[in-house]
Amino acid sequence: MGRGTEQAIEENKALEEDIDFYKRAYEAIAIKNAPEGVLMDPPPRPDPRVRHPNRPSEQEIYLAPYYPLRQENYIVFDDGTIYYPKLDKYYKQDGTQVE
């Protein structure tokens with residue numbers, strides 16, 4: 001490496017330090033001027049090109065009843081046999097009962 005490369009590296013480091021200093025100063029000013037000291041991005045502006053579907057009237061909106069996940073009452077064994085405890089019976093996967 002020649003002397004020019006070393007000088008360019010030193011100049012680059014000095015420029016990076018200046019940029020970092022100005023970034024920190026800008027952030028400090030922005031936080032100081034922000035409400036409650038919280039720096040946030042502004043909310044997005046609505047885009048007039050985006051079309052939204054019409055919202056249904058309140059009468060059309062209804063909530064479906066909540067059904068918790070149903071627990072199936074059977075046990076599947078490694079060989080494919082299925083046991084139904086309520087019936088106390090065993091079945092193969094093809095539906096035939098095991099004696």
Side-chain angles (χ1 to χ4, degrees):
M1 281 202 281
R3 199 117 169 101
T5 306
E6 292 173 1
Q7 183 180 358
I9 291 172
E10 289 176 12
E11 289 175 1
N12 190 21
K13 286 182 182 179
L15 286 173
E16 287 178 0
E17 289 174 2
D18 286 347
I19 291 171
D20 288 340
F21 171 77
Y22 285 113
K23 278 185 182 178
R24 285 192 304 270
Y26 172 75
E27 288 176 357
I29 292 169
I31 291 172
K32 184 178 179 182
N33 294 333
E36 298 183 20
V38 178
L39 185 59
M40 296 174 51
D41 292 333
R45 295 184 186 142
D47 189 353
R49 298 172 296 172
V50 176
R51 295 178 52 200
H52 298 283
N54 295 334
R55 182 173 174 83
S57 67
E58 291 297 324
Q59 295 171 350
E60 293 179 31
I61 297 175
Y62 63 91
L63 295 176
Y66 170 72
Y67 294 107
L69 294 175
R70 208 178 344 178
Q71 292 182 346
E72 300 297 333
N73 294 325
Y74 60 86
I75 301 169
V76 180
F77 294 99
D78 292 339
D79 64 348
T81 305
I82 302 170
Y83 172 66
Y84 295 94
K86 287 185 178 179
L87 302 174
D88 194 30
K89 295 184 180 178
Y90 293 88
Y91 290 90
K92 294 182 181 178
Q93 285 184 338
D94 62 0
T96 58
Q97 186 174 357
V98 178
E99 297 294 327

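All values below come from the heavy atoms of this structure, side chains included, with hydrogens, waters and symmetry mates left out.
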Drop me the distance from [X]'s [atom1] to [Y]'s [atom2], to the nearest 0.5 angstrom.
X   : Y   : atom1 : atom2 : result
K89 : I82 : NZ    : CD1   : 15.0 Å
R24 : I19 : CZ    : CD1   : 12.0 Å
N73 : L87 : CG    : CG    : 10.0 Å
K32 : I29 : NZ    : CD1   : 8.0 Å
I31 : Y26 : CD1   : OH    : 10.5 Å

Tell me, do Y83 and D88 make a side-chain contact under 4.5 Å, heavy atoms counted?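 Yes; the side chains approach each other to less than 4.5 Å.
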
Over 12 foreign heavy atoms within 6.0 Å of OH, Y22: no

Quick check on D94: does its CG atom have over 12 non-hydrogen neighbours (other residues, nucleotides or ligands) under 6.0 Å away?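 Atom CG in D94 is crowded, with more than 12 foreign heavy atoms closer than 6.0 Å.
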
Where does the angle between the aromatic ring planes of Y91 and Y84 fall among parallel (under 30°), tilted (30 to 60°) and perpendicular (over 60°)?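 Rings of Y91 and Y84: perpendicular, as their planes differ by over 60°.
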
From the list E11, E6, Q7, K13, side-chain contact (heavy atoms from CB on, under 4.5 Å) partner of I9 resolves to K13

Is it the case that one hydrophobic cluster holds both Y90 and I75, taking links as side-chain heavy atoms less than 4.5 Å apart, direct or via other members?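 Cluster IDs for Y90 and I75 match.
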
Got a salt bridge between R49 and D47, using NZ or NE/NH1/NH2 to carboxylate O under 4.0 Å? yes

